[in-house]
Amino acid sequence: MTSAQPRYSRSDIQRLFDTPFNNLLFQAQSVHRRHFNPNEVQVSTLLSIKTGACPEDCKYCPQSARYDTGLEKEALMEVQAILEQAARAKETGASRFCMGAAWRNPKERDMPKLIAMIEGVRELGLETCMTLGMLSPEQAEKLGQAGLDYYNHNLDTSPEFYGDIITTRTYQDRLNTLQNVRDAGMKVCSGGIVGMGEEQSDRIGLLQQLANMEQPPESVPINMLVKVAGTPMAEVEDLDPFEFVRTIAVARILMPASHVRLSAGRETMSDELQALCFFAGANSIFYGEKLLTTANPVADADQRLFARLGIVPEQRVVENPPEEVALQAASETNELFYNAMA
Ligand code: SAM
Ligand code: DTB
Ligand code: SF4
C-alpha cells in the first residue's frame, strides 16, 4: 500500500454528505479540476453478450432466472456478431466497449471465445471491458493476458445492506474477484447501485469500501436503480435526486483520480440533473440506446446534451495499441462523435 492513500472513516464521509449542497459541489468540482479536464466525459458502450437466465438472485436485476420480467434469454453471442456491434459503437463515437454476461462466473469452455472477443475489439482500436461475474485468479490472468483493459464487478452496496439484496454470493466473494483482477494487472471498474431503498449509511458504507481499497478502482460506476417490473425492487421509493448528486460528489472527493461513471438510470433523468452530476464530478457515461437489457438515452440525445454543455468525449487511451490505431487515436474520437450528430 502506498502510504499516501488516505483511509476514510464513516464519520469523515458522513461529514461530506452533511455539507451544504453548494459547498459540497464546489469542493467536488475543485477536486475534479485538479485531476481531469472538467469538460471531457469518457464514453463507453455496453453490449449484453449473454442475456437472462442467470442463477444469481440479485433483487434489482431483470436477468435473474428467479424473477419473471418477460426478458427473452439468449445464449452467448458469436464473436463476429459482437465485433459488428463494437464497430458500430466506434462509429457512433464510443471509446470503450463493455461486454456483459448474465453469469455467476464464466465456464472454462467459454474462455477461448471470450479471448477472441477481447482481441477482436482491441484490434478495432477500442478499449475493452468485460463483466462476467466472479473470476478465479487463473481466469483473471487469462483475460488480462488477452488484453482486457478493465473488468467490471460491482460491490453494489454496503456490507451491511448487501445480504438484503443478494444471497447467492457474498461480499467477500466480490472483494476476492476484485483482488484477482488487480493481481492480473487489469484496471478495476467497481461501484454500486443507489435508490434500492438503502439508508444514507449504506451509500456511505459502499463509498468507504471503494475509497479505502489499497488501490481504489480506476472506474467507479454509480448506478441509479432501474426499476424493472417483475423484480422485487420494482416498486421501491425514488431516491431524492439531490441525494444522488451528493453521492456522486462524495465519490469524486474520495476518489479524486478515478473516473466516476453516471451509469444506469439516465433514461429517467432530466438534462438538468445530468448536468448537475457532471458538475459534481461524474466524467463517464454509457452511450447508446441500450444498457444491457434496459433503455438508455439515444445517442442523439447525448450528443445534443454534450453540445449544449460544451462537453467533449474524452480521448481513448489504449496501451500498446497496434501502430495504425495509435496514429489515428488523437483526433478520431471527437470527429466520430460529432460526425454522428450530423
Ligand atoms: N452477471 C455479472 C455480475 O453481476 O457480476 C455481470 C452483469 S451485472 C448485470 C452488472 C451490474 O449491473 C450489477 O452488478 C449491477 O450493479 C448492475 N445492474 C443490474 N441491474 C440493474 C438495475 N436494474 N439497475 C441498476 N443497475 C443494475
Ligand atoms: C454497471 O455498473 N452498470 C452497467 C454495467 N456496469 C455492466 C449495467 C447496468 C445494467 C442496468 C440494467 C440492464 O440494462 O439490464
Ligand atoms: Fe446475474 Fe449479474 Fe443480474 Fe446478479 S446482476 S442476477 S449476477 S446478471
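Note that the coordinates shown come from a computational prediction; the quantities given were computed from them, not determined experimentally. First listed ligand is number 1; within each ligand, the first listed atom is number 1.
- Under 4.0 Å from ligand 2, heavy atoms of Leu292 appear from its side chain as well as its backbone.
- In this structure, Arg104 does not count as a contact residue of ligand 3, since none of its heavy atoms falls inside 4.0 Å of the ligand.
- Residue contacts with ligand 1 include Arg169, since one or more of its heavy atoms lies under 4.0 Å from the ligand.
- A heavy-atom separation below 4.0 Å is not found between Gly100 and ligand 1.
- An N or O contact shorter than 3.5 Å is missing between Leu291 and ligand 2 by distance.
- Atom 14 (O) of ligand 1 has its closest protein heavy atom at Asp156 OD1, 3.3 Å.
- Atoms of ligand 2 lying under 4.0 Å from any heavy atom of Ser263, numbered from 1 in the order shown and given with element: 1 (C), 2 (O), 3 (N).
- Residue Val226 touches ligand 1 through backbone and side chain together, judged by heavy-atom distances below 4.0 Å.
- Not a single N/O/S atom of Cys54, whether from backbone or side chain, sits less than 2.8 Å from atom 4 (Fe) of ligand 3.
- In this structure, Arg261 is positioned above the aromatic face of Phe286, its NZ or CZ under 6.0 Å from the six-membered ring centre and within 45° of the axis.
- Heavy atoms of Gly100 stay at 4.0 angstrom or farther from ligand 2.
- For ligand 2, the polar-atom distance check finds no N/O of Thr131 at less than 3.5 Å from any of the ligand's N/O atoms.
- For Met134, no heavy-atom contact with ligand 3 is shorter than 4.0 Å.
- Of the heavy atoms in Thr131, both backbone and side-chain atoms come closer than 4.0 Å to ligand 1.
- Taking backbone and side-chain atoms together, Cys61 has an N/O/S atom less than 2.8 Å away from atom 3 (Fe) of ligand 3.
- No part of Thr294 comes within 4.0 Å of ligand 1, judged by heavy-atom distances.
- Listed by atom number, the atoms of ligand 2 under 4.0 Å from Asn223 heavy atoms are 1 (C), 2 (O), 3 (N).
- Counting heavy atoms closer than 4.0 Å to ligand 2, residue Asn154 contributes side-chain atoms (C-beta onward) but none from N, CA, C or O.
- Residue contacts with ligand 2 for Pro62 involve side-chain atoms from C-beta outward but no N, CA, C or O (heavy atoms, distance under 4.0 Å).
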